[in-house]
Amino acid sequence: MTIQTVATTPFAGQRPGTSGLRKKVTEFQQPGYLENFVEAIFLTLGEGAERSLVVGGDGRYFNRQAVQTILRMAAAHGIERVLVGRGGILSTPAVSCVIRKHAAFGGIVLSASHNPGGPDGDFGIKYNIENGGPAPEKITEAIFANTQTLTAYRISDAPPVDLDVLGTTRIENMVVEVIDPVADYAGLMARLFDFDAIRALFARGFSMRFDAMHAVSGPYAHAILEGMLGAPSGTVINGVPREDFGGGHPDPNPVNAAELIALMNGPGAPDFGAASDGDGDRNMIVGRRLAVTPSDSLAIIAANATVAPGYKHGISGIARSMPTSTAADRVADALGISCFETPTGWKYFGNLMDANLVTLCGEESYGTGSHHIREKDGLWAVLFWLNLLAASGKGVEQIVREHWARFGRNYYSRHDYEAVDAGAADQMMQALREQLPELAGRRLDGHHVAEADDFVYNDPVDGSVATRQGIRIIMSDGSRIVFRLSGTGTEGATIRLYLERYEPDPARHDLDTQEALRRLAEIADDISGLRRRTGRESPTVIT
Ligand code: G1P
Ligand code: ZN
């Protein structure tokens with residue numbers, strides 16, 4: 001075994017997006033592409049980062065190969081010890097959990113989250129820091145800068161490690177420890193939630209379906225729901241991770257988890273439905289004939305946090321990404337705590353949680369989580385709901401309706417226009433920016449624009465500033481139209497249009513969501529020229 005120095009040249013476009021570097025598998029398969037990015041990570045970490053590192057991914061195509069490359073490169077950079085999940089598997093929340101539990105200095109997560117996998121699908125890599133959370137922008141930018149200037153990478157020529165057997169081996173001087181991917185995470189969940197109450201709920205015949213979408217949550221859900229909590233076998237469906245996620249799109253929303261939605265809408269539906277995404281950090285919560293919007297789920301968890309033992313002393317604050325509905329803000333008001341509004345992406349929550357300013361965080365994109373780790377956490381949200389259902393004796397629909405009756409309902413939807421021409425998307429955003437000064441104060445089809453801006457976030461903890469985080473048009477009745485471009489897509493540009501309307505009157509809580517938001521959608525199209533500029537008649541996906 002020796003350490004090789006391999007000459008290389010920079011690849012264009014290795015700037016991490018909303019959540020790490022995501023590209024087509026074929027792009028990652030180019031010789032040196034992954035190696036360059038990993039070298040840039042190690043260059044950024046520099047000296048003093050020799051302790052332990054966590055490595056794992058969502059099991060998608062290219063995961064195993066990437067793990068082997070990273071292990072050989074870590075050994076060449078003087079890392080003392082790497083903890084790697086068996087089979088190269090670790091869900092994103094489990095990586096965060098393992099980093100924190102074992103006081104590692106960081107971790108490398110291999111995932112393109114909810115993007116499809118397989119040889120023609122997507123792959124991704126991201127670096128997480130010591131607190132277990134995604135690296136903040138100053139680090140991702142430094143990694144990017146290094147990708148542009150490096151001339152060589154270092155790698156051991158050791159043979160591949162057997163990833164399927166628990167235990168330790170060595171590459172050069174580095175210890176490789178293959179760990180059970182589930183154990184640490186399951187232990188943490190058992191401390192946060194009332195497992196006895198949930199076990200009793202299942203023992204009473206409560207029925208549930210958890211759709212792991214052929215992705216990484218399968219082993220976690222099997223072990224926790226069916227193993228520790230006694231849910232009948234068959235509760236977890238699509239529970240074996242596949243390299244191509246069974247050809248599906250492992251994004252838990254009503255469009256992609258259609259099988260689960262059909263079940264929950266049909267006769268004899270189970271009491272509770274849930275799903276999670278490729279890397280296990282997203283969640284969808286479904287009752288009979290009712291899919292709970294992620295924004296509502298965050299607000300409901302916040303309003304009921306004290307039912308779970310891990311939160312019995314209450315929550316210190318809430319944070320939501322800017323496009324997420326303001327339902328959580330109303331709960332924060334009622335609880336007398338702060339609600340922070342951050343740019344899209346979990347990395348912006350880390351500082352707030354580290355400083356103890358917030359306990360709960362959420363995004364409209366089916367992401368919910370708490371300060372137990374520094375990633376969003378799909379199964380955590382599902383377990384919270386189970387704990388709430390067990391403690392309250394109520395069903396999903398009753399809980400949601402009572403919440404709306406107390407706080408009002410925020411009708412909410414996101415319209416995605418995927419793979420549109422990048423130039424047209426940029427022009428649309430630019431034209432919107434230019435209109436901002438004259439939009440404020442205007443009347444638009446019966447709505448009065450109270451505020452219009454391009455969202456700027458001032459991090460209250462480290463003082464960093466993130467600009468151009470999305471166009472907000474806020475009406476005086478609290479309705480909002482938000483436009484932003486996706487930072488995770490791998491084809492052309494994806495325009496996200498977020499629509500929100502607040503309805504305090506319980507007599508009007510039964511409208512169809514798209515109907516309730518129709519006028520706002522029309523206003524959005526009028527001011528942006530979205531359809532005209534993109535040549536699209538309707539969104540690719542509505543959630
Ligand atoms: C999307 C979501 C965002 C989430 C990210 C990673 O990013 O909108 O909330 O944090 O995936 O899961 P986007 O493609 O919008 O940049
Ligand atoms: Zn994900």
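Note that the coordinates shown come from a computational prediction; the quantities given were computed from them, not determined experimentally. When reading the values below, keep in mind they use all heavy atoms of this one structure, side chains included, and skip hydrogens, waters and symmetry mates. One-based numbering, in listed order, for ligands and for the atoms of each.
- Arg100 has no carboxylate O lying under 4.0 Å from a charged side-chain N of Glu130, or vice versa, which leaves the two without a salt bridge.
- Applying the salt bridge (charged side-chain N to carboxylate O under 4.0 Å, His left out) test to every pair with at least one member in residues 236-257, sequence neighbours left out, gives these pairs: Asp251-Arg282.
- The closest side-chain donor-acceptor pair between Ser316 and Thr359 falls under 3.5 angstrom.
- Applying the salt bridge (Lys or Arg N to Asp or Glu O under 4.0 Å) rule to Lys347 yields no partners; only residues at least two apart in sequence or on another chain are considered.
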Stepwise side-chain hydrogen bond (donor to acceptor under 3.5 Å, both in side chains) check, Asp377 with Thr368: CA-CA 6 Å; Asp377 190 344; Thr368 332; over 6 Å; no

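- If you run side chain to side chain contact (heavy atoms under 4.5 Å, CB included) between Arg320 and each of Val358, Asp329, Leu360, Thr342, only Asp329 comes through.
- Cation-pi geometry between Arg484 and Phe455 is not met at under 6.0 angstrom from the ring centre and within 45 degrees of the axis.
- Side-chain polar atoms of Tyr457 and Glu341 form no donor-acceptor pair below 3.5 angstrom.
- If you look at Tyr220 and Tyr185, their ring centroids are closer than 6.0 Å.
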Within the protein, flag every N or O under 3.5 Å from an N or O of ligand 1, and note the pair and distance.
unit_1, atom_1, unit_2, atom_2, d
ligand 1, 8 (O), Arg414, NH1, 3.4
ligand 1, 9 (O), Glu363, OE1, 3.3
ligand 1, 9 (O), Glu363, OE2, 2.8
ligand 1, 9 (O), Ser365, OG, 2.6
ligand 1, 10 (O), Glu363, OE1, 2.7
ligand 1, 10 (O), Glu363, OE2, 3.4
ligand 1, 11 (O), Arg282, NH2, 3.0
ligand 1, 12 (O), Arg282, NH2, 3.1
ligand 1, 12 (O), Lys376, NZ, 2.9
ligand 1, 14 (O), Ser486, OG, 2.6
ligand 1, 14 (O), Thr488, N, 3.4
ligand 1, 14 (O), Thr488, OG1, 2.5
ligand 1, 14 (O), Arg496, NH2, 2.6
ligand 1, 15 (O), Arg484, NH1, 2.6
ligand 1, 15 (O), Arg496, NE, 2.7
ligand 1, 15 (O), Arg496, NH2, 3.4
ligand 1, 16 (O), Thr18, OG1, 2.6
ligand 1, 16 (O), Arg484, NH2, 2.9
ligand 1, 16 (O), Gly487, N, 2.6

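- Less than 2.8 Å away from the Zn ion (ligand 2), the protein contributes these N/O/S atoms: Ser113 OG, Asp277 OD2, Asp279 OD1, Asp281 OD1.
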